[in-house]
Amino acid sequence: YDQSLFARLIKLGVPSIELNKQGRARADIARLYSWRYDDLGDLDHVAKKEEFKKANTGLAHTFQLVNVDDFEGRGESTPTAYFYQNVGEAEYSV
C-alpha cells in the first residue's frame, strides 16, 4: 500500500476535519508548518505552561536549522513511497 491509512481514507472520500489548534509544539516551532493549515493557532496551555517557555538545553534559540552535508555520499532518500529519510541528519542529531 505504501501510504498511511489516513491518506487512503482521504482518497476514498471519507470526511475529515482539519485541526485549527495545536498543542504539542512551541508557538515558534508551530509557525514553521502553519502554512499547511488554514488559520492554525495554539491551544491555551501552549502559552501558559512553563515547559513551552523554557529554552532547549544546548541550543541558543528555540530551534536551529543546520545544514548537514551528504553522509557517505548520500543525502535524502526514499526507500519506499512516501517515506523520506536522511541518514546524515539522523547521525548528526545523535
Side-chain angles (χ1 to χ4, degrees):
Y1 292 78
D2 292 331
Q3 59 184 279
S4 71
L5 174 61
F6 181 74
R8 286 183 273 156
L9 292 171
I10 296 301
K11 286 184 178 183
L12 290 172
V14 174
S16 66
I17 298 171
E18 186 171 289
L19 301 179
N20 63 355
K21 299 281 185 190
Q22 72 83 28
R24 296 182 66 185
R26 296 172 190 215
D28 292 350
I29 295 173
R31 281 196 292 274
L32 288 172
Y33 53 83
S34 64
W35 61 270
R36 173 62 184 82
Y37 301 88
D38 292 330
D39 195 33
L40 181 68
D42 299 317
L43 293 174
D44 291 338
H45 71 266
V46 173
K48 294 176 183 173
K49 286 190 172 182
E50 280 302 310
E51 56 261 36
F52 290 97
K53 298 177 184 178
K54 294 180 181 175
N56 291 320
T57 304
L59 296 179
H61 306 284
T62 304
F63 59 89
Q64 292 178 211
L65 304 177
V66 179
N67 182 41
V68 179
D69 292 327
D70 291 350
F71 181 70
E72 296 178 353
R74 189 170 189 183
E76 187 176 274
S77 63
T78 310
T80 60
Y82 307 106
F83 175 74
Y84 300 93
Q85 71 179 13
N86 188 317
V87 176
E89 289 177 351
E91 290 292 331
Y92 184 88
S93 297
V94 177

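In this text, all values refer to a predicted model and were calculated from it rather than measured experimentally.
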Chemist: Using distance only, find each side-chain donor-acceptor pair of residues 83-91 under 3.5 Å and give its atom names and separation, not counting sequence neighbours.
Modeler:
{"residue": "Asn86", "atom": "OD1", "partner": "Gly88", "partner atom": "N", "Å": "3.1"}
{"residue": "Asn86", "atom": "OD1", "partner": "Glu89", "partner atom": "N", "Å": "3.1"}

Chemist: Tell me the salt bridge (Lys or Arg N to Asp or Glu O under 4.0 Å) pairs involving residues 58-81, sequence neighbours left out?
Modeler: none

Chemist: Of all heavy-atom pairs between Ala30 and Ala25, which one has the smallest distance, and what is that distance?
Modeler: N-CB, 4.3 Å

Chemist: Applying side-chain hydrogen bond (donor to acceptor under 3.5 Å, both in side chains) as the test, list every pair that has at least one member in residues 9-21; sequence neighbours left out.
Modeler: none

Chemist: In the hydrophobic cluster built from side-chain contacts under 4.5 Å, what are the other members alongside Phe52?
Modeler: Val46

Chemist: Sort and list the pairs that fulfil ring-ring contact (aromatic ring centres under 6.0 Å, His included) and have at least one residue in residues 54-75, not counting sequence neighbours.
Modeler: none

Chemist: Going by the rule side chain to side chain contact (heavy atoms under 4.5 Å, CB included), which residues pair with Lys54 if we only count those two or more places apart in sequence or in a different chain?
Modeler: Glu50

Chemist: Tell me which donor-acceptor pairs under 3.5 Å the side chains of residues 38-45 have, and how far apart each pair is, sequence neighbours excluded?
Modeler:
{"residue": "Asp42", "atom": "OD1", "partner": "Gln22", "partner atom": "NE2", "Å": "2.6"}
{"residue": "His45", "atom": "NE2", "partner": "Gly23", "partner atom": "O", "Å": "2.9"}

Chemist: In Å and rounded to the nearest 0.5 Å, what is the NZ to CZ distance from Lys53 to Arg26?
Modeler: 11.5 Å

Chemist: Quick one: list whatever passes side chain to side chain contact (heavy atoms under 4.5 Å, CB included) with Leu19, sequence neighbours left out.
Modeler: none

Chemist: For residues 27-37, which residue pairs pass the side-chain hydrogen bond (donor to acceptor under 3.5 Å, both in side chains) check, not counting sequence neighbours?
Modeler: Asp28-Arg31, Asp28-Thr62

Chemist: Under 4.5 Å between side-chain heavy atoms, chaining through other members, with only Ile, Leu, Val, Met, Phe, Trp and Tyr counted: pull out the rest of the cluster around Ile10, sorted by chain and number.
Modeler: Phe6

